Asker: 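Take a look at the following structure, please.
Proteins come first, then strands; the chains are lettered A, B, ... in the order of their sequence lines, and each starts at number 1. Only a predicted model underlies this, so the values are computations on that prediction, with no experimental measurement involved.
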Amino acid sequence: MHMSFFFCTFARCLCFYIYMDSKYNPTDIEARWYQYWLDKGLFHSEPDGREPYTIVIPPPNVTGVLHMGHVLNETIQDILVRRARLEGKNACWVPGTDHASIATEAKVIKRLKEQGINKSDLTREQFLKHAWDWTDEHGGIILKQLRKLGCSCDWDRTSFTMDETRSKAVIKVFCDLYNKGLIYRGLRMVNWDPERQTALSDEEVIYHDEHNKFYYLRYEVAEEPGKYAIVATTRPETIFGDIAVCINPKEEKNQWLKGKHVIVPGVGRVIPIIEDRYVEIGFGTGCLKVTPAHDVNDYMLGQKYNLKTIDIFTPDAHLNMDIIEPELQANVRKYHGMDRFDCRKAIIEDLKALNLVEKIEDYDNKVGYSERTNVPIEPRLSLQWFVKMQHFADIALPPVMNDDIVFYPAKYKNTYRNWLENIKDWCISRQLWWGHRIPAWYDAELLAETGLENYPDDKILVCEGDPNEQIGKCENEKITKWVQDEGALDTWFSSWLWPISLFDGIEHPDNKEINYYYPTADLVTGPDIIFFWVARMIMAGYEYQGKMPFKHVYFTGIVRDKLGRKMSKSLGNSPDPLDLIERFGADGVRMGILLSAPAGNDILYDDALCEQGRNFCNKIWNCFRMVKGLEIADITQPETSKYAIEWFEAKLGETSEEIADLFSKYRLSEALMEIYKLYCDEFSGWYLEMIKPAYQQPIDRATYEATLAFFERLLVLLHPFMPFITEELWQNLYERKEGESIMVANQTNDTQSRENRNGADTEAIRKQHALILDFTAYLKQVITEVRAIRASKNIPQKERLTLISPVELNGIVEKLANVTVSPLSGETPDGRGNCAKFIVGTDEFAIPMDQFINVEEELKKLEADLAHQQGFLRGVMAKLSNERFVQNAKPEIVALEQKKKSDAEARIASIEEAIRALNTK
RNA sequence: GGGCGUUUAGCUCAGCUGGUUUAGAGCAUCUGCCCUACAAGCAGAGGGUCUGCGGUUCGAAUCCGUAAACGCCCACCA
């Protein structure tokens, strides 16, 4: 293979193609052409006069590695980009990575721990140094992996959500939204991740069904010792924070509790019974313990009734008893420092001992988990920054609902609308260091006085840059030092600007690049981030560019294994894409992942699909060997070849149109399947067989040239899907100049021929094409029937047969079926002894043969066919004899049925005649 | 608790506004072939009544209703 490659490329010595290996070996070829594309700058885009086609990559985590989901996603993007490039558009695919604040910070902490360093021992600056080291070390591995897959990203534009331009954009947008009153600071109940010790947005919480316990606890009534209110809870460890017990004022069975007080079991705090209709009548015992610091609803009640909050957890969800009233310390001290789940067990055991547990029931409920760390979320009251979302929902909903932005598949419009119509404010602050630091500053002196929570909002300074540098420059400024907010921003607060910030459109909103590349054409992503990312990009797009960020959104499915299970590390069912590329070639893997991936459907991945991709490469490879192995001579062109060329021209045109149509609907796997069939069936199976010279005979020049031209068009058609093998063969099909590439070989053949046929011409050519396509389909049927007869009678292909035909056929049949066609002349074929018969359309063909014809078997077949045709005719007749059908159906439908009828009758007559003939034997 | 989607050959899926020779493709299966481009291949074949039920219609895989199964999204019942 190495040798042949060498000669193909450099010596261009035709005869060596014959010695090409019959198996395609992708490894060297892929590496070589990717480097070539890079060297020639073929991925790079600059604004020019052409129509732009832009895709921004959904930035993978900077320290992530390639998995099957990426393979699917990036393959689709590459196909779209390469197709656009071939159509002559100025295609620009911008790559980049995401700093993924939580995930990356977790990885850095883990590594530090392995080195014996705790995050808490470091300053922010020290930690960030480690984080950047880690990023430099592991960052961008995934981008290198994308090259193996063949992705044609403009690497010169590689960006990072935390590089300078992107960071500036984030800070500027924060300040702008703050000044517009769309960002505020507030003490709210948020989703708290005790592992990472940070707030999360609602979208980062994943709910799992769980089998839990429902604990019925006995709260002694203070006014009536010995009597108890029974409170049911799933979280007994929160009773230290109980501040009231709430009943519904209309609940009959709890009327007696009204106005009384109860004693929190094991804790000893005396708390009031309050009344609110929030408590559902009939659920549990009707008594709800109110713990405003640890439950969203309880917090609501707490606010309504002005109850105090007792936060009994440390940020890492251990019990903090220091906050409990001194007089109760003796009761609760032993729980101090316990983990929340350990405490749950302990408190129940202790309450059991005190006979304060009424009963414990099994209970199924939903528990929220942190998306990133997978630990149960703790609702926690804390001071955070929020974006007011109603405004954004208002600007982002209409363009999707009226299809200015088109979703594929459209069903996600519902999901999108549902979210936007129930939008809640977005918690954007994180208690992390790795990320964009919130540009909010506090007067150090005042802060020391008030503390963060009570720091007045109107004394907060939100600005780009460090305000301390301005100190002293203003006359009447009393502030001596500004202290920056400790928090970082949610990663998605930078991601939502991606399509704009990649072109520096936030800092310089009217620059040449943003004006050219924005809005982008297509966004390809998974439906799991429709809220996180897609919706918010639409919001930011309209807010900062006044325009949609993309015109189409292609939602991919989730990649699963062939049993339908999600791919996961723990199941070990996720193949390593690089390993697959090693085994099947990048082109094979691309085909494999795409074949079963209609938009929005989950894809059930199976190695067998990549195998099919590899086999396809091999097929193309061998077509090429065959064509280039032909010896050319100045001989006259056979009629069969002329016909074959005419037919394949029509076929190629037809399929190209179908493929264009499928592309316009983003039905990429179907488009690939069309090309696959075009290669394997039509080109290899039929066309090449039609034009193939007899053994060791040369081919005429005209046919050879036409075949090369077809091959080239086929390669261009396939190139977006399988870039490597198509480049390799395209380069070797003709002499190419240095720097040329299939990547930019505009589909001149197609477009030219299409442009040439305009008006009436086009119509005429269409008709002509339809004719030859129909007739060839007919010829193929005849050939297939002959082959079937050979197969069933064990007649070798080499043995020439005679075919008695009632219609005029052409040399194609003689060549491919290896028959001599003889016209049906007066004499019935039956008169010639044994005949095998078949029917195509309404025409009856016969092959005389010496072999014994099994009359019974033939009869059986014919009779089965007869029954089928008669059944069919009955169905047609039933329609035609139905007056209402004839009256109501469209005339062309009735005419069609009539044609069906006459055709069926003709066929039945032919079959009956054949049966009669056999019976008379 | 709401909302959405799916259910067509062994598997994965097409089948657009009901009528196109009584349902198509790829893979898998079966049979026969190493015929000098390709056994990672070639030739041929078998296989579904379109989840069930009811309705609309001259006509339903296709429209409507209903049941079931599966899947997804959203929601503060402790």
Asker: Can you list everything that forms a side chain to side chain contact (heavy atoms under 4.5 Å, CB included) with Lys566(A)? Sequence neighbours excluded, please.
Answerer: Ile558(A), Arg560(A)

Asker: Is it the case that over 12 heavy atoms from other parts of the model lie below 6.0 angstrom from the CD atom of Glu361(A)?
Answerer: yes

Asker: Please name all residues satisfying salt bridge (charged side-chain N to carboxylate O under 4.0 Å, His left out) with Lys304(A), sequence neighbours left out, ordered by chain then number.
Answerer: Asp276(A)

Asker: Give me the distance, rounded to whole Å, that separates A9(B) from G15(B) when you measure between the P atoms they each carry.
Answerer: 15 Å

Asker: Considering heavy-atom distances to RNA chain B, does Phe683(A) or Lys562(A) have its closest nucleotide positioned more toward the 5' end?
Answerer: Lys562(A)

Asker: In whole Å, what separates the C1' atom of C70(B) from that of A60(B)?
Answerer: 25 Å

Asker: For Gly871(A), which contact category applies under a 4.0 Å heavy-atom criterion: base, sugar-phosphate, or nothing?
Answerer: base

Asker: Ignoring hydrogens and angles, write down the donor-acceptor pairs under 3.5 Å from the side chains of residues 685-692 of chain A, residues two or more places apart or on other chains.
Answerer:
| from | atom 1 | to | atom 2 | distance (Å) |
| --- | --- | --- | --- | --- |
| Tyr687(A) | OH | Thr707(A) | OG1 | 2.8 |

Asker: Under a 3.5 Å threshold, yes or no: a donor from one side chain and an acceptor from the other, between Asn254(A) and Asn248(A)?
Answerer: no

Asker: For nucleotides 38-47 of chain B, read 5' to 3', which letter fits each nucleotide if B means a protein heavy atom sits under 4.0 Å from the base, S means only the sugar-phosphate is that close, and - means neither?
Answerer: B-BSSSS---

Asker: Write down the distance separating the C1' atoms in G26(B) and U20(B), rounded off to the nearest Å.
Answerer: 23 Å

Asker: Going through the distances and angles, do Tyr278(A) and Tyr299(A) end up as a ring pair (Phe, Tyr, Trp, His ring centres under 6.0 Å)?
Answerer: CA-CA 12 Å; Tyr278(A) 166 74; Tyr299(A) 179 66; over 10 Å; no

Asker: Quick check on Lys780(A): does its NZ atom have over 12 non-hydrogen neighbours (other residues, nucleotides or ligands) under 6.0 Å away?
Answerer: yes

Asker: How would you list, by chain and number, every residue that makes a salt bridge (charged side-chain N to carboxylate O under 4.0 Å, His left out) with Glu858(A), sequence neighbours excluded?
Answerer: Lys793(A)

Asker: What is the per-nucleotide protein-contact pattern of nucleotides 58-63 of chain B, from the 5' end, where B denotes a base atom under 4.0 Å from a protein heavy atom, S denotes such proximity for sugar-phosphate atoms only, and - denotes neither?
Answerer: B-----

Asker: Can you confirm whether more than 12 heavy atoms, excluding those of Lys413(A), are under 6.0 Å from its NZ atom?
Answerer: yes

Asker: Can you give me the N/O atom pairs linking the protein to nucleotides 27-30 of chain B at distances under 3.5 Å, or say none if there are none?
Answerer:
| from | atom 1 | to | atom 2 | distance (Å) |
| --- | --- | --- | --- | --- |
| C27(B) | OP1 | Tyr676(A) | OH | 3.0 |

Asker: Using atom NZ of Lys900(A) as one end and atom P of U22(B) as the other, report the distance to the nearest whole Å.
Answerer: 8 Å

Asker: What is the nucleic acid contact for Asp298(A), judged by heavy atoms within less than 4.0 Å: base, sugar-phosphate only, or nothing?
Answerer: nothing

Asker: Suppose you measure atom C1' in A61(B) against the same atom in A14(B); what distance do you get, rounded to whole Å?
Answerer: 12 Å

Asker: Rounded to whole Å, how long is the line connecting atom CG of Asp681(A) with atom P of G24(B)?
Answerer: 16 Å

Asker: Got a sec, which residues hit salt bridge (charged side-chain N to carboxylate O under 4.0 Å, His left out) with Arg790(A), two or more places apart in sequence or on another chain?
Answerer: none

Asker: Side chains of Glu210(A) and Asp364(A), heavy atoms from C-beta outward: is any pair under 4.5 Å?
Answerer: no

Asker: Under a 4.5 Å cut-off applied to non-hydrogen side-chain atoms, are Arg218(A) and Ile230(A) in contact?
Answerer: yes

Asker: Between C4(B), G15(B), A25(B), which nucleotide has the shortest distance from any of its atoms to the side chain of Lys411(A)?
Answerer: C4(B)

Asker: Could you state the atom-to-atom distance from CG of Asn414(A) to P of U6(B) in whole Å?
Answerer: 11 Å

Asker: Just how far, in rounded Å, is P of C72(B) from CD1 of Ile206(A)?
Answerer: 12 Å

Asker: Would you mind writing out the side-chain donor-acceptor pairs for residues 886-899 of chain A within the sub-3.5 Å range, not counting sequence neighbours?
Answerer:
| from | atom 1 | to | atom 2 | distance (Å) |
| --- | --- | --- | --- | --- |
| Asn888(A) | ND2 | Arg884(A) | O | 3.1 |
| Glu897(A) | OE2 | Lys900(A) | NZ | 2.9 |
| Lys899(A) | NZ | Asp903(A) | OD2 | 2.8 |

Asker: When rounded to the nearest Å, what value does the distance between P atoms of U49(B) and G10(B) take?
Answerer: 9 Å

Asker: Would you classify Lys899(A) as touching base, sugar-phosphate or nothing, given that sugar-phosphate means primed atoms plus P, OP1 and OP2, and contacts are heavy atoms under 4.0 Å?
Answerer: base

Asker: Just checking Lys253(A): does its NZ atom have more than 12 heavy atoms from other residues, nucleotides or ligands closer to it than 6.0 angstrom?
Answerer: yes

Asker: How about Leu733(A) and Leu729(A): do any of their side-chain heavy atoms sit closer than 4.5 Å?
Answerer: no

Asker: Work out how far the C1' atom of C11(B) is from that of G47(B), and round it to whole angstrom.
Answerer: 13 Å

Asker: Evaluate the side-chain proximity of Leu708(A) to Lys628(A): yes if any heavy-atom separation is below 4.5 Å, no if none is.
Answerer: yes

Asker: By the 4.0 Å heavy-atom rule, please label Arg667(A) as base, sugar-phosphate, or nothing.
Answerer: sugar-phosphate

Asker: Name the nucleic acid region contacted by Leu896(A), choosing base, sugar-phosphate or nothing; use a 4.0 angstrom heavy-atom cut-off, strictly under.
Answerer: sugar-phosphate

Asker: Between atom CZ in Arg417(A) and atom P in C72(B), what is the gap in whole Å?
Answerer: 22 Å

Asker: Rounding to a whole Å, what distance do you find between Asp606(A):CG and C11(B):P?
Answerer: 14 Å

Asker: Roughly how many Å apart are G2(B) and A67(B), using the P atom of each and rounding to a whole number?
Answerer: 13 Å

Asker: Mind checking salt bridge (charged side-chain N to carboxylate O under 4.0 Å, His left out) for Asp242(A) and listing every partner two or more places apart, or none if nothing turns up?
Answerer: Lys289(A)

Asker: For Phe721(A) and G26(B), give me the distance from atom CZ to atom C1', rounded to whole Å.
Answerer: 15 Å

Asker: Tell me: CG of Asp602(A) to P of G5(B), nearest whole Å?
Answerer: 16 Å

Asker: For residues Thr234(A) and Phe214(A), determine if any side-chain heavy atom of one lies less than 4.5 Å from a side-chain heavy atom of the other.
Answerer: yes

Asker: How far, in whole Å, is G3(B) from U8(B) if one measures between their P atoms?
Answerer: 25 Å

Asker: Classify every nucleotide of nucleotides 73-78 of chain B by which part a protein heavy atom approaches to under 4.0 Å, writing B for the base, S for the sugar-phosphate alone and - for neither, in 5'-to-3' order.
Answerer: SSBBBB

Asker: For RNA chain B, please output the secondary structure as dot-bracket, reading 5' to 3'. Pairs are Watson-Crick or G-U wobble, both atom distances under 3.5 Å; mark crossing pairs with [ ], other-strand partners with |, unpaired with a dot.
Answerer: (((((((..((((.....[....)))).(((((.......))))).....(((((..]....))))))))))))....

